[in-house]
Amino acid sequence: ARDRFSAAYERVNDHFAATFATLMPGGQARLELPGEGSMLTREIEIIVRPPGKRSRPIELLSGGERALTALAFLFGVYREKAGPLCILDEVDAPLDDANTSRFMDMLDALSANTQFIIVTHNKHTMARAVRLVGVTMEGGVSRLVPVELKNRPGQ
Amino acid sequence: ARDRFSAAYERVNDHFAATFATLMPGGQARLELPGEGSMLTREIEIIVRPPGKRSRPIELLSGGERALTALAFLFGVYREKAGPLCILDEVDAPLDDANTSRFMDMLDALSANTQFIIVTHNKHTMARAVRLVGVTMEGGVSRLVPVELKNRPGQ
Amino acid sequence: MFLTRIELLGFKSFADKTICTLGDGLTAIVGPNGCGKSNVVEAIRWVLGEQRPSALRGKAMGDVIFSGSSSLGPVSMAQVTLVFDNSRGTLPFDAPEVSVARRIYRDGESKYLLNMRSCMLREIKDVFYNSGLGAPEYAIMQREAIDVLLANRGSERRILIEEAA
Amino acid sequence: MFLTRIELLGFKSFADKTICTLGDGLTAIVGPNGCGKSNVVEAIRWVLGEQRPSALRGKAMGDVIFSGSSSLGPVSMAQVTLVFDNSRGTLPFDAPEVSVARRIYRDGESKYLLNMRSCMLREIKDVFYNSGLGAPEYAIMQREAIDVLLANRGSERRILIEEAA
Ligand SMILES: Nc1ncnc2c1ncn2[C@@H]1O[C@H](COP(=O)(O)OP(=O)(O)OP(=O)(O)O)[C@@H](O)[C@H]1O
Ligand SMILES: Nc1ncnc2c1ncn2[C@@H]1O[C@H](COP(=O)(O)OP(=O)(O)OP(=O)(O)O)[C@@H](O)[C@H]1O
Ligand SMILES: [Mg+2]
Ligand SMILES: [Mg+2]
């Protein structure tokens, strides 16, 4: 079990470094296993160095930087073993336009092996969806409605 | 001390109910002090009933409903005693366009007695600011730059 | 395509039977604050086997049952069905679609249904295993989960790597 | 107008002396992720008297001192100044502006300066009290604070009501 974990850990570490560098060009991230003891129980630490900056504890990262780091980790794991279904609920809320665009590019790149569903208020994200599922509430009851995105490129 | 708190609590409760009804038209909110014991130590509970819905524990509220509830509480307190300065950091991130607009209306209403500074990625929020302070980062160092908002109404 | 549709009945704010049709490519779920988008996400999480009410914002699992509004009274049952595409025969069933459902009544435990017939939780887990679906954390990331995933003393990162191992 | 400008030097990512001019009406602080906007908010929080490093995302108070980048080495001091309008004489000083500053060196404690001269923390608190500025929580709400304010066992609501009493 430990060897299987160890092999997966090393590959995920490489994928994580690659996905992070794609989401934050010029930046670097790695996983580390500090301390003693079995690989199966030690803390897995995330080390991040955004572009132009020095590496600091991840608590000091900005809201957007933290969101990108978490997404880079999840997608790093998916590059090792793609989940067939991935639902994201407002993970793009902290992202600026440039990072939203890179995030959406990564969803495209992973879409061959993963069906993505994203809940969002972000018009740029909506514009890149193949289908929009509209939810409305009336008298405290939810229902689904068809949605047309105005000003969609190509429409 | 208890009488002073009790008087302030009652007035804040009324203001909170009013600000909440303004941010979520048709909705209701109140503070309650359940249980026994001194008013100075009991838990202050928030009871919320969004429009069309029944009252439920606030953990079941949506992300946007929770943000509006927290803002309604803060502004309810401000209606009792306005803070001269109020800095809001991305509190509008969970809000849809209609709620963002009501939130900005409330900032306008409170601006006579409070100087507001808001950190935001939201274009609608930016459009209603009197001045924009731009922050950029280069080589890991932050600095301030002047900002022009394109497509600002009236420009 | 993997998940062809989701059917909700009595789950949180979805009092009435609601069918959400999906398909290939990115689907975006949109709507105003409080309309029910995160409830849809939690419905999927619930069928995937989430056992902690707190992960669904509740105190007890019965909190997922529609408990009334200004226009409707409470109902006594919640059911969510996930319908998977099986046109390539990846799942060991002789049918183009496979449906997995979870149901709960106010008084009781969750029931599971495979292609509309009652079954053991273990059979549902087999279907998920065969389709590559791991723990709910593998398939779902909510905004609040970002801090959990990055937390210093967390086991979240290990759980995900173990799922991929 | 209340706060006319903020001056930052060596505070977090603001290595160089930076002056942020404010004025009447709503000011929006904008920019890409990670550029330093929340650092400005934390600078104000710090001068207003925040004593918990965790409220500034740090482990020790020294974490607010610029600790280097790809282009600059670390510095040894951080200082933030808030300049208040006193044209109506609301504060007990014979000057059109009153400045309050907090400074920290790597080895040590915070220093406070009132109108550029070193002073006791108590004198700073008097200025804040006279201008109606309460605890940092009264003047600042960050996105993460929403959950704290709504938490069941929290004392946050009580603190705010007491500030208003
Ligand atoms: N058991 C239940 N019965 C009826 N309604 C419920 C139940 N549980 C939760 N709700 C309602 O569902 C609403 C929350 O919906 P949800 O979290 O899906 O909103 P959302 O679309 O994600 O909004 P946002 O954009 O603000 O995140 C709450 O207003 C709550 O009252
Ligand atoms: N002591 C320090 N010295 C130098 N840089 C620091 C220091 N502390 C924090 N930083 C940097 O400041 C950055 C965070 O800035 P901040 O949180 O203000 O961003 P932001 O503009 O709010 O972004 P977002 O829109 O994503 O919230 C981090 O990248 C971090 O590396
Ligand atoms: Mg939601
Ligand atoms: Mg920020």
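In this text, all values refer to a predicted model and were calculated from it rather than measured experimentally. Order of the sequence lines fixes the chain letters, A, B, ..., with proteins taken first and strands second; residue numbering starts at 1 for each chain.
In this structure, no portion of A:P57 lies under 4.5 Å from any heavy atom of chain C. At a 4.5 Å heavy-atom cutoff, the contact between A:L31 and chain C is made by side-chain atoms alone. Only the side chain of A:V12 comes within contact range of chain C, with heavy atoms under 4.5 Å apart. In this structure, the portion of A:I58 lying under 4.5 Å from any heavy atom of chain C is its side chain and not its backbone. Looking at A:S111, there are no atoms closer than 4.5 Å to chain C (heavy atoms on both sides), in backbone or side chain. For A:L107, the part lying under 4.5 angstrom from a heavy atom of chain C is the side chain only.
In this structure, the side chain of C:R158 engages the main chain of A:L40 through a donor-acceptor pair within 3.5 Å. Panel note: side chain A:R4, backbone C:A165; a donor-acceptor pair is recorded below 3.5 Å. A donor-acceptor contact shorter than 3.5 Å links the side chain of A:Q115 to the backbone of C:L3. Formation of a donor-acceptor pair under 3.5 Å by the A:S142 side chain with backbone atoms of C:C35 is found in this model. Side chain of C:K37 to backbone of A:T120: no donor-acceptor contact under 3.5 angstrom is found. No donor-acceptor distance shorter than 3.5 angstrom exists from the side chain of C:R143 to the backbone of A:V91, with no hydrogens or angles considered.
The stretch residues 76-93 of chain C places none of its residues near chain A, where near means some heavy atom under 4.5 Å from a heavy atom of that chain.
Screening residues 17-29 of chain A for side-chain hydrogen bond (donor to acceptor under 3.5 Å, both in side chains) gives A:Q28-A:R49 as the qualifying pairs, with residues at least two apart or on separate chains.
Here the closest heavy-atom approach between residue A:R131 and residue C:T21 is recorded as CD-O, 3.8 Å.
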